[in-house]
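On a predicted model such as this, the values are computed, not experimentally measured, just so you know.
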Amino acid sequence: QVQLIDSGGGTVQPGGSLRLSCVASASTFSEHSMGWFRQAPGKERELVAAINWNGSGTQYADSAKGRFTISRDNAQNTMYLQMNNLQFDDTAVYYCALGRWAQIATSPDFFLSWGQGTQVTVSS
């Protein structure tokens with residue numbers, strides 16, 4: 001089973017930026033789509049962004065469009081989430097996830113492995 005380690009969270013002011021990273025333990029990473037999810041206290045886990053196996057296709061939640069960018073480097077078994085113009089509502093634990101298939105998946109049910117989560121806090 002592929003293990004995922006996500007990192008890069010922290011505390012920023014509104015309007016600030018963070019870059020999350022997710023490193024996979026196996027080269028089979030390149031055969032799978034990936035996603036970033038987040039979960040705020042008292043809320044369900046929601047998809048933020050997803051990317052297909054080679055990075056040619058991406059999908060974003062409406063809340064992330066225009067502010068977040070998902071990308072991947074298959075040579076480094078790594079996925080990224082660049083988050084700009086962060087707002088209070090972006091505060092959550094962010095999780096990277098390995099998709100079941102090569103093409104984009106959006107439901108948490110279609111992801112095989114999860115990172116441990118990294119906290120993002122937007123605070124003034």
For this session: Could you list the residues that satisfy side-chain hydrogen bond (donor to acceptor under 3.5 Å, both in side chains) with Thr91, not counting sequence neighbours?
Result: none
Exercise. Can you check whether Tyr94 and Trp36 have ring centres sitting under 6.0 Å from each other?
Worked result: no
Exercise. Are Val122 and Met83 grouped together when hydrophobic residues (ILVMFWY) are joined by side-chain heavy atoms under 4.5 angstrom apart?
Worked result: yes
For this session: State which residues pass salt bridge (charged side-chain N to carboxylate O under 4.0 Å, His left out) with Arg19; sequence neighbours excluded, sorted by chain then number.
Result: none
For this session: Check salt bridge (charged side-chain N to carboxylate O under 4.0 Å, His left out) between Glu31 and all other residues, then give those that pass, not counting sequence neighbours.
Result: none
For the backbone of [Y] and the side chain of [X], can you confirm whether one donor and one acceptor N or O come within less than 3.5 Å of each other?
X	Y	result
Asn77	Val23	no
Thr78	Gln76	yes
Arg72	Phe29	yes
Gln119	Gly117	no
Ser113	Val2	yes

Does any part of the side chain of [Y], heavy atoms only, come nearer than 4.5 Å to the side chain of [X], both counted from C-beta?
X	Y	answer
Asp90	Arg67	yes
Gln1	Leu112	no
Phe68	Ser63	no
Met34	Leu4	yes

Got a sec, which residues hit side-chain contact (heavy atoms from CB on, under 4.5 Å) with [X], two or more places apart in sequence or on another chain?
X	value
Lys43	Ala40
Gln3	Ser25
Thr69	Tyr60, Gln82

For this session: Quick one: pull up CH2 in Trp53 and NE2 in His32 and give me the separation to the nearest 0.5 Å.
Result: 12.0 Å
Seminar exercise, completed: CD of Gln116 to CD1 of Ile5, rounded to nearest 0.5 Å, is 6.5 Å
Problem set entry | Chi angles and distances behind the side chain to side chain contact (heavy atoms under 4.5 Å, CB included) call for Ile70, Met79 | CA-CA 7 Å; Ile70 189 171; Met79 176 181 65; 3.9 Å; yes
Problem set entry | Geometric class of the Trp101/Phe110 ring pair [parallel <30°, tilted 30-60°, perpendicular >60°] | tilted
For this session: Apply the test side-chain hydrogen bond (donor to acceptor under 3.5 Å, both in side chains) to residues Ser33 and Asn52: give CA-CA distance (whole Å), side-chain angles for both, the deciding distance (0.1 Å), then the verdict.
Result: CA-CA 4 Å; Ser33 65; Asn52 70 346; over 6 Å; no
